[in-house]
Amino acid sequence: MRIATWNVNSLRARLSHLCHWLNKDKVDVVLLQELKAQNHQIDTSALEDLGYNVALFGQKSWNGVAILSRFPLEDIRYGVEGAEALPEEEEVADPYVHARYIEAVVSTSQGIVRVASIYAPNGNPIDSDKFDKKQRFMEQLDAHVAALMQEEEKFVLAGDYNVLLDDRDAPSMVGWEKDALGHPQSVAALRGMIHRGLVDALRVHHTGTGLYSFWDYQGGAWQRDNGLLIDRLLLSPQAADGLRASGVMKQMRGQKQASDHVPVWCQLVLDKDA
DNA sequence: ATGGCGCGTCAAACGCGA
């Protein structure tokens with residue numbers, strides 16, 4: 001099974017890129033972030049025609065997450081707090097509480113895996129309440145990870161964590177400690193979560209420098225390969241037992257009207273005898 | 001590094017992202 005995560009920076013602006021990719025690359029599960037649209041503004045028919053079940057958690061203007069799956073989706077949950085129903089539009093007023101997390105169980109004949117699409121707050125500037133809300137989101141996520149770990153099941157928590165974990169995740173770490181992405185508090189929050197026993201799929205297969213998932217639109221970042229690694233797939237130990245490969249789809253950043261992020265993927269076998 | 005990019009909203013600049 002192939003699972004990918006992609007911050008699309010507007011689903012409507014990137015729908016043709018998404019369909020073009022999935023038409024030639026039959027990824028089984030796709031976790032999307034930054035839909036930047038409400039559910040009713042999104043036409044999912046092209047994705048359904050490609051064979052995907054679609055679970056949307058949209059929001060006006062900002063944020064928004066989704067799960068696409070070629071297998072049935074069960075037990076869909078909206079928000080880190082685990083609401084089992086899609087919140088009403090007017091409830092999705094606080095962008096730091098809502099439309100940043102959607103979770104579901106992917107059910108196949110080979111077994112099941114719980115997946116989540118995560119869009120952590122950027123958190124800048126660090127002297128604002130945005131930074132505090134980023135930390136609060138990470139605390140909520142950490143508590144949820146702790147609960148999930150008790151189940152000893154296969155799960156994949158993937159998305160845009162908006163945190164630089166170590167000095168491989170940017171060309172230079174100079175100055176990042178004063179930014180919400182590299183602030184010691186952000187780094188400690190994500191590292192603490194991972195230390196509960198999660199496996200950072202990309203780093204199993206790619207241990208060196210220069211592996212990025214984001215290149216800013218500004219300052220010629222793509223042309224200068226001035227990227228960041230902030231999109232990750234974090235696996236439970238039971239899921240990581242079946243991890244076979246991982247990678248980033250760097251070439252997609254070079255497309256016309258590309259998202260500033262590229263998909264990050266991993267290959268899993270669910271049947272441990274396979 | 002942050003004006004310089006790109007998106008949504010709303011109908012002109014502005015908020016936001018990272």
Side-chain angles (χ1 to χ4, degrees), chain A residues 5-18 32-43 56-66 89-90 92-101 117-135 137-138 158-187 189-190 210-232 248 250 252-264:
Chain A
T5 177
W6 189 23
N7 180 324
V8 290
N9 184 21
S10 170
L11 183 52
R12 287 173 292 178
R14 231 63 65 194
L15 189 59
S16 62
H17 299 70
L18 180 61
L32 300 174
Q33 300 88 38
E34 278 212 81
L35 307 184
K36 289 188 168 180
Q38 298 164 82
N39 285 14
H40 73 261
Q41 297 175 301
I42 298 168
D43 180 6
L56 295 175
F57 186 10
Q59 181 176 351
K60 188 178 182 181
S61 307
W62 300 302
N63 311 320
V65 285
E89 180 62 32
E90 52 270 22
V92 191
D94 183 346
Y96 300 100
V97 175
H98 294 102
R100 290 184 177 274
Y101 186 97
S117 176
I118 297 167
Y119 179 46
N122 171 299
N124 277 310
I126 57 172
D127 57 357
S128 74
D129 67 329
K130 293 181 182 180
F131 186 70
D132 299 331
K133 283 170 174 169
K134 175 180 190 144
Q135 303 309 326
F137 180 90
M138 297 304 283
D160 179 359
Y161 284 87
N162 266 320
V163 174
L164 301 166
L165 263 187
D166 60 49
D167 60 9
R168 295 172 295 180
D169 294 346
S172 161
M173 290 306 289
V174 174
W176 281 110
E177 73 281 356
K178 294 186 178 68
D179 187 285
L181 275 65
H183 191 281
Q185 212 175 325
S186 305
V187 176
L190 186 54
L211 187 75
Y212 307 127
S213 63
F214 165 88
W215 293 260
D216 202 305
Y217 288 121
Q218 303 183 65
W222 168 243
Q223 289 74 13
R224 295 163 42 216
D225 198 24
N226 183 20
L228 302 174
L229 183 63
I230 49 177
D231 301 274
R232 306 173 194 280
V248 301
K250 184 174 182 178
M252 282 179 69
R253 185 62 180 82
Q255 293 178 336
K256 283 194 187 305
Q257 294 174 302
S259 169
D260 43 3
H261 297 249
V262 298
V264 180

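The analysis underlying the following values was restricted to heavy atoms, covering all of them including side chains, and did not include hydrogens, waters or symmetry mates. Here is how names work: the chains are called A, B, and so on, in the same order as the sequence lines, proteins then strands, and each is numbered from 1.
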Interatomic distance, NE2@A/H261 vs CZ@A/R253, rounded to 0.5 Å, equals 9.5 Å
Closest to the side chain of A/K60, out of B/dC10, B/dG8, B/dC16, is B/dC10
In terms of heavy-atom contacts, does CD of A/Q223 have more than 12 from other residues, nucleotides or ligands at under 6.0 Å?
-> yes
Value for OG1 (A/T5) from OH (A/Y161), rounded to nearest 0.5 Å, stands at 8.5 Å
Open item on the list: Applying a 4.0 Å non-hydrogen cut-off, can you work out what A/E34 is touching in the nucleic acid: base, sugar-phosphate, or nothing?
Closed with: sugar-phosphate
Regarding the side chain of A/A13, the nearest nucleotide among B/dC16, B/dC7, B/dT9 is B/dC7
Q. How is A/V174 classified with respect to the nucleic acid when contacts are heavy atoms under 4.0 Å: base, sugar-phosphate, or nothing?
A. sugar-phosphate
Sub-3.5 Å pairs of nitrogen or oxygen atoms, protein against nucleotides 2-6 of chain B:
{"unit_1": "B/dG4", "atom_1": "OP2", "unit_2": "A/Q218", "atom_2": "OE1", "d": "2.5"}
{"unit_1": "B/dC5", "atom_1": "O4'", "unit_2": "A/Y217", "atom_2": "O", "d": "3.2"}

In whole angstroms, the gap separating P of B/dA1 from CG of A/N226 amounts to 9 Å
For this session: Would you check if the side chain of A/H17 reaches a backbone N or O of A/K256 as a donor-acceptor pair within less than 3.5 Å?
Result: yes
ask   = When you measure from the side chain of A/R14 to the backbone N and O of A/N9, does any donor-acceptor pair fall under 3.5 Å?
value = yes
Taken to the nearest whole Å, CH2/A/W62 to P/B/dC14 is 15 Å
Rounded to whole Å, CZ of A/F137 lies from P of B/dG17 at a distance of 13 Å
Across all chains, not counting sequence neighbours, the salt bridge (Lys or Arg N to Asp or Glu O under 4.0 Å) partners of A/D169 are A/R203, A/R232
Taken to the nearest whole Å, NZ/A/K134 to P/B/dC16 is 16 Å
- P atoms of B/dC10 and B/dC16, separation to the nearest Å: 14 Å
Exercise. If you look at every strand shown and take non-hydrogen atoms under 4.0 Å, does A/Y161 touch a base, only sugar-phosphate, or nothing?
Worked result: nothing
Output, in order, the C-alpha distance, side-chain angles, deciding distance and verdict of side chain to side chain contact (heavy atoms under 4.5 Å, CB included) for A/N162 and A/F214.
CA-CA 10 Å; A/N162 266 320; A/F214 165 88; over 6 Å; no
Can you tell me, in whole Å, how much space there is between the P of B/dG15 and that of B/dG3? 14 Å
Mind checking A/D260 for me? I need base, sugar-phosphate or nothing, with any heavy atom below 4.0 Å counting as a touch. nothing
Taken to the nearest 0.5 Å, the spacing of A/D260 CG from A/E34 CD works out to 7.0 Å
Here the distance between atom C1' of B/dG17 and atom CG of A/N162, to the nearest Å, is 8 Å
*On a whole-Å scale, what distance lies between the P atoms belonging to B/dA1 and B/dC14?*
26 Å
* To do: Please work out if A/N7 contacts a base, only the sugar-phosphate, or nothing of the nucleic acid, heavy-atom cut-off 4.0 Å.
  => sugar-phosphate
By nearest-heavy-atom nucleotide on DNA chain B, the more 5' of A/L35 and A/L228 is A/L35
Ranking A/D160 and A/R12 by the position along DNA chain B of their nearest nucleotide, the one closer to 5' is A/R12
Rounded to whole Å, CD1 of A/I42 lies from C1' of B/dC7 at a distance of 14 Å
